[in-house]
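No hydrogens, no waters, no symmetry mates; every other heavy atom, side chains included, goes into these values. The shown structure was predicted, so the numbers you read here are calculated from the model rather than taken from an experiment.
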Amino acid sequence: MNAWLVRIGSVLVLAAIGFWLVSATEWADTEIPTPASGEAKKNSFYGAQVMLRELGVQVVKHDSLDTMPPAQARLVLASSHWDMFPEREQRLRQWVEQGGHLVMPSHLVNSDLLEGWIPLVREKSPAGDEKKESKEPPAPRKRLPKSQFAEPAKDADCHAVTEPETVPASFAGGRSFRICTWWSPARYRPADKQPPPLWTVLGAKGTEAIRVQVGRGTVTVMPWGLWHNASLTRGDNALFAVAAVQARSGAEVWFVAEETREPFLRWIWNKGWAALLVGLLALAVALWRAAVRFGPLAPSAGTHRRSMAEQVRGTAGFLHMHGADALHAAQLRALNESAGRQLRGYARRDAAARAAAIAQATGLEAAMLVRAMGERARHAGAMSVDLEVLETARRRLDAHGPFMPSPSSSSTS
């Protein structure tokens, strides 16, 4: 009996839980868009280009405006950086005036380069409409059913536009379009004292699209969001795009949607790989030469004395290059340097005092030192004697070490 009561209670509990789930939850269908793949993932205008090809239009996709389309072609210009080079504006203007058809979004017309030759001015909303809207009391809001999964209306950004009777109809079926775009376009009208537009599309708030004559060509300004892959199939966006681009079988339409360039390093490698390799090699050599070395460039010379033959050859080479007077000056300089190290106050003495100090330190005659140290014309024999005296004095000074003069000698000097 107890087992049956447990079973019945379990069934009742499960039934209550199921009833609560049904009453507390809401089931709704949700559309999940299929993500783009392939070319459509990289090209926002892929759908429009495929559609135009199916209509017999020759579609050309360019990554920049370096080259202009042929005459009578259509150019769909969407790049915000098309005017990065000043000469492009002049080339674009010449191309339109010679018969080209330019199609562009309304936000690009604000460019200073285009305002000078496109006969359009910004359209202002009527002041009367703004006052009327401000005086009207706000309409009461309708209470919507409470739902935490409520979504905005699917076509909330769609609205109706119409071609006026003053321009030719784009299609025989009618003059109205239903376009869907999130982009809020700036509206334009022909400038004062300019011919009427060739084509216009009017909406509830004013001009949605306009085409004017420029030379032998045309410029069409239109809202931009309807060109993209996600919006092209909504409403009459496809028909509106065909009308804006003046698509005809056999026509040529160029798309310039962005300014893309080859990466700088790859461009350098493709254009000048040889110069790049030479530069890198020169840089490597310069760094290698400036780096810290592991040892000296050459082994250090020994401290032993040179042989007599090396001394004779060195002296002869010096005489051959510079002459006997230069050899005497070098020998005298060597003696002065040695005396400056060994004799205190040597640099402050005059020539006679220097000779006397050296004579006292070396035991040589002062008169002989004065003659050897003086500047005078010497023949070959006198030159050899003076050089011998100077060298002997230098060697004796270096051999005896620092010399301390006696008080008597310092007082007399």
Side-chain angles (χ1 to χ4, degrees), residues 1-55 59 61 78 80 105-107 132-162 171 173-174 176-186 201 203-205 208-209 222-244 255 257-258 260:
M1 186 65 180
N2 293 334
W4 280 102
L5 291 176
V6 172
R7 292 176 183 176
I8 293 173
S10 301
V11 171
L12 292 177
V13 171
L14 291 176
I17 294 175
F19 177 77
W20 177 81
L21 287 175
V22 172
S23 61
T25 58
E26 178 181 350
W27 298 87
D29 295 332
T30 303
E31 292 185 4
I32 301 177
T34 304
S37 61
E39 179 66 19
K41 188 176 182 180
K42 300 180 293 184
N43 184 4
S44 300
F45 302 95
Y46 178 72
Q49 294 168 6
V50 171
M51 176 191 68
L52 293 176
R53 289 192 182 98
E54 293 295 329
L55 296 176
V59 177
K61 180 178 178 293
S80 300
S106 55
H107 67 272
K132 183 178 179 181
E133 291 178 0
S134 61
K135 290 181 179 179
E136 291 181 356
R141 296 182 179 179
K142 296 181 180 180
R143 295 189 65 182
L144 299 177
K146 293 182 180 181
S147 174
Q148 61 185 22
F149 301 103
E151 295 181 355
K154 179 180 178 182
D155 295 334
D157 56 350
C158 297
H159 58 281
V161 295
T162 307
F171 303 101
S176 298
F177 299 92
R178 183 170 177 269
I179 62 174
C180 304
T181 174
W182 68 88
W183 194 275
S184 179
V201 177
K205 297 183 180 180
E208 297 280 346
M222 58 176 293
W224 201 240
L226 53 86
W227 276 97
H228 293 78
N229 295 334
S231 302
L232 186 66
T233 56
R234 300 180 58 198
D236 296 328
N237 288 359
L239 289 176
F240 194 90
V242 170
F255 280 83
E258 57 186 2
T260 57

Which atom of T162 lies closest to which atom of S176, heavy atoms considered:
OG1-OG, 3.7 Å
Can the ring centres of W227 and F255 be said to be less than 6.0 Å apart?
yes
Roughly how far, to the nearest 0.5 Å, is the CG atom of L239 from the CG atom of L226?
11.0 Å
Holding to side chain to side chain contact (heavy atoms under 4.5 Å, CB included), I want the full list of residues that pass it with S80, two or more places apart in sequence or in another chain.
H107, L108
Is there a donor-acceptor pair under 3.5 Å between the side chain of S231 and the backbone N or O of H228?
no
Could you pull out all residues at least two apart from R178 that satisfy salt bridge (Lys or Arg N to Asp or Glu O under 4.0 Å)?
D155
Within the 4.5 Å heavy-atom criterion, are K205 and H159 side-chain neighbours or not?
no
Side chain to side chain contact (heavy atoms under 4.5 Å, CB included) partners of N43, counting only residues at least two apart:
E39, F45, Y46, Q49, K61
What is the minimum heavy-atom distance between A244 and M222, and which atoms define it?
CB-SD, 3.4 Å
Heavy-atom check, side chain of I179 versus side chain of R234, under 4.5 Å:
no
If you round to the nearest 0.5 Å, how far is SG of C180 from CG of L232?
11.5 Å
Taking the side chain as C-beta and beyond, is there a heavy-atom pair between V242 and M51 under 4.5 Å?
yes
May I have the step-by-step check of side chain to side chain contact (heavy atoms under 4.5 Å, CB included) for N237 and F177, ending in yes or no?
CA-CA 8 Å; N237 288 359; F177 299 92; over 6 Å; no
Distance from C158 atom SG to D236 atom CG, nearest 0.5 Å?
9.5 Å
